[in-house]
2 protein chains.
Amino acid sequence: MTYDSALAALADPTRRRVFEQLRTGPKSVGGIARDMPVSRPAVSQHLRVLKEAGLVRDEQDGARRVYSIDPRGLGPLRRWLDQFWDQALDAFKAEVERPTPSPRRRRRS
Amino acid sequence: MTYDSALAALADPTRRRVFEQLRTGPKSVGGIARDMPVSRPAVSQHLRVLKEAGLVRDEQDGARRVYSIDPRGLGPLRRWLDQFWDQALDAFKAEVERPTPSPRRRRRS
DNA sequence: CACTATCGTAAGTCATGACTTACGGTAAGT
DNA sequence: ACTTACCGTAAGTCATGACTTACGATAGTG
């Protein structure tokens, strides 16, 4: 739900690959696992983490279960990153534009 | 350097807290560790990971070592997130607005 | 020089989590 | 009803990594 669970979920490379497979559209569990080097239960577990992080949604379709990206899931992470980016840029700018080299003592040539 | 190392680096809560402490400006290792529940060597190790991910820079200042955020470090992650955001939204939109199975959709926003 | 402050690294411990196989449960086809 | 396809969960294994303490190296101070 928050940006930290999204970060934790997207940190693992395998899980991120699962997530990226949904970028083109909804997909079933078996369809995802077919293009991956891990077992199907592993994919299920990754999807569980992604779902708990609010990044994907699931929908029953007969015997299959179709997963798709929940676009709102990336919102918090995006906002956190943006805010962070702005503040970091400001601090960096202030650091660069500083006229006098340093208020530190000791500088006797 | 790339978005995956940035994701891995920012996934850990403690390391993210170290990173967030630099948001207000440069800080020394001891200064960071003073506001954290872990030891100073732990902070050093976290800073090492952050540095290898290109998220922070370090500068020697006497006996101290001052760390600051490298604004360019968040670039790849931001770009990846944006691209992902757009594509996911398009796929989601096409999925919702589907009166008939539409073939493809190009970017719009 | 002796002493202190600041920091990085090495080594070892320990919990977390990413896999596997095995199993049970539901839906569709014959 | 039987068989097949699809999927989630449980349990167990094993590597990764986040800590700790101990130590050494360097810079400033008296």
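Chain identifiers are assigned alphabetically (A, B, ...) following the order of the sequence lines, protein sequences preceding nucleic acid strands; residue numbering begins at 1 within each chain.
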remark   = Nearest heavy-atom contact between A/Arg17 and A/Pro37 is NH1-CD, 3.7 Å

task = Give a yes/no on whether any side-chain N or O of B/Tyr67 is located under 4.0 angstrom from OP1 or OP2 of C/dT6.
result = no

What pairs of nitrogen or oxygen atoms, one from the protein and one from nucleotides 16-19 of chain C, lie under 3.5 Å apart?
| residue | atom | partner | partner atom | Å |
| --- | --- | --- | --- | --- |
| C/dA18 | OP2 | A/Arg15 | NH1 | 2.9 |
| C/dA18 | OP2 | A/Arg15 | NH2 | 3.4 |
| C/dC19 | OP1 | A/Thr14 | OG1 | 2.6 |
| C/dC19 | OP2 | A/His46 | NE2 | 2.5 |

request  = Please state how far atom CD in A/Glu59 lies from atom C1' in D/dC7, giving the value in whole angstrom units.
outcome  = 16 Å

inquiry  = If I compare all heavy atoms of B/Ala11 with all of A/Ala8, which pair ends up nearest, and what's the gap?
reply    = CB-CA, 4.3 Å

message = By nearest atom, which of the nucleotides C/dT21, D/dC6, C/dT6 is closest to the A/Arg64 side chain?
response = D/dC6

Minimum-distance nucleotide to A/Pro41 side chain [options: C/dG8, C/dT9, C/dT21] = C/dT21

query = OP1 or OP2 of C/dC7 sitting under 4.0 Å from any side-chain N/O of B/Ser28?
reply = yes

key: Protein-nucleotide distance (B/Lys27, atom NZ; C/dC7, atom C1'), rounded to Å   = 17 Å

inquiry  = Run A/Lys51 and A/Asp70 through salt bridge (Lys or Arg N to Asp or Glu O under 4.0 Å) and show every step you take.
reply    = CA-CA 9 Å; A/Lys51 183 183 174 184; A/Asp70 189 345; over 6 Å; no

key: Nearest-0.5 Å distance, OG of residue B/Ser28 to CD of residue B/Glu59   = 12.5 Å

task = Report the C-alpha separation of B/Arg64 and B/Asp61 in whole Å, then their side-chain angles, then the decisive distance to 0.1 Å, and conclude whether the salt bridge (Lys or Arg N to Asp or Glu O under 4.0 Å) test is met.
result = CA-CA 5 Å; B/Arg64 307 187 331 180; B/Asp61 174 43; 3.7 Å; yes

Separation of D/dA27 C1' from B/Arg65 CZ (nearest whole Å) = 12 Å

task = Check the pair B/Leu7 / B/Trp80 against side chain to side chain contact (heavy atoms under 4.5 Å, CB included), numbers first and verdict last.
result = CA-CA 11 Å; B/Leu7 271 175; B/Trp80 176 79; 4.1 Å; yes

message = Measure CE/B/Met36 against C1'/C/dC7 and give the value in whole Å, please.
response = 17 Å

ask   = When every nucleotide of nucleotides 23-30 of chain C is labelled 5' to 3' by its protein contacts under 4.0 Å (heavy atoms), B for base, S for sugar-phosphate only, - for none, what sequence of letters results?
value = ----SS--

task = Give the rounded distance in Å between these two atoms: CG of A/Leu50 and C1' of D/dG8.
result = 15 Å

key: side-chain contact (heavy atoms from CB on, under 4.5 Å) partner of B/Tyr67, the single match among B/Leu55, B/Val18, B/Leu50, B/Val29   = B/Val29

message = Between A/Arg40 (side chain only) and A/Ala33 (backbone N and O only), is there a donor and an acceptor less than 3.5 Å apart?
response = no

query = When you look at B/Lys27 and B/Asp35, which way does the salt bridge (Lys or Arg N to Asp or Glu O under 4.0 Å) test go after all the steps?
reply = CA-CA 12 Å; B/Lys27 217 167 180 184; B/Asp35 298 336; 3.5 Å; yes

task = Starting at atom CG of B/Asp58, determine the distance to atom C1' of C/dG8, rounded to an integer number of angstrom.
result = 11 Å

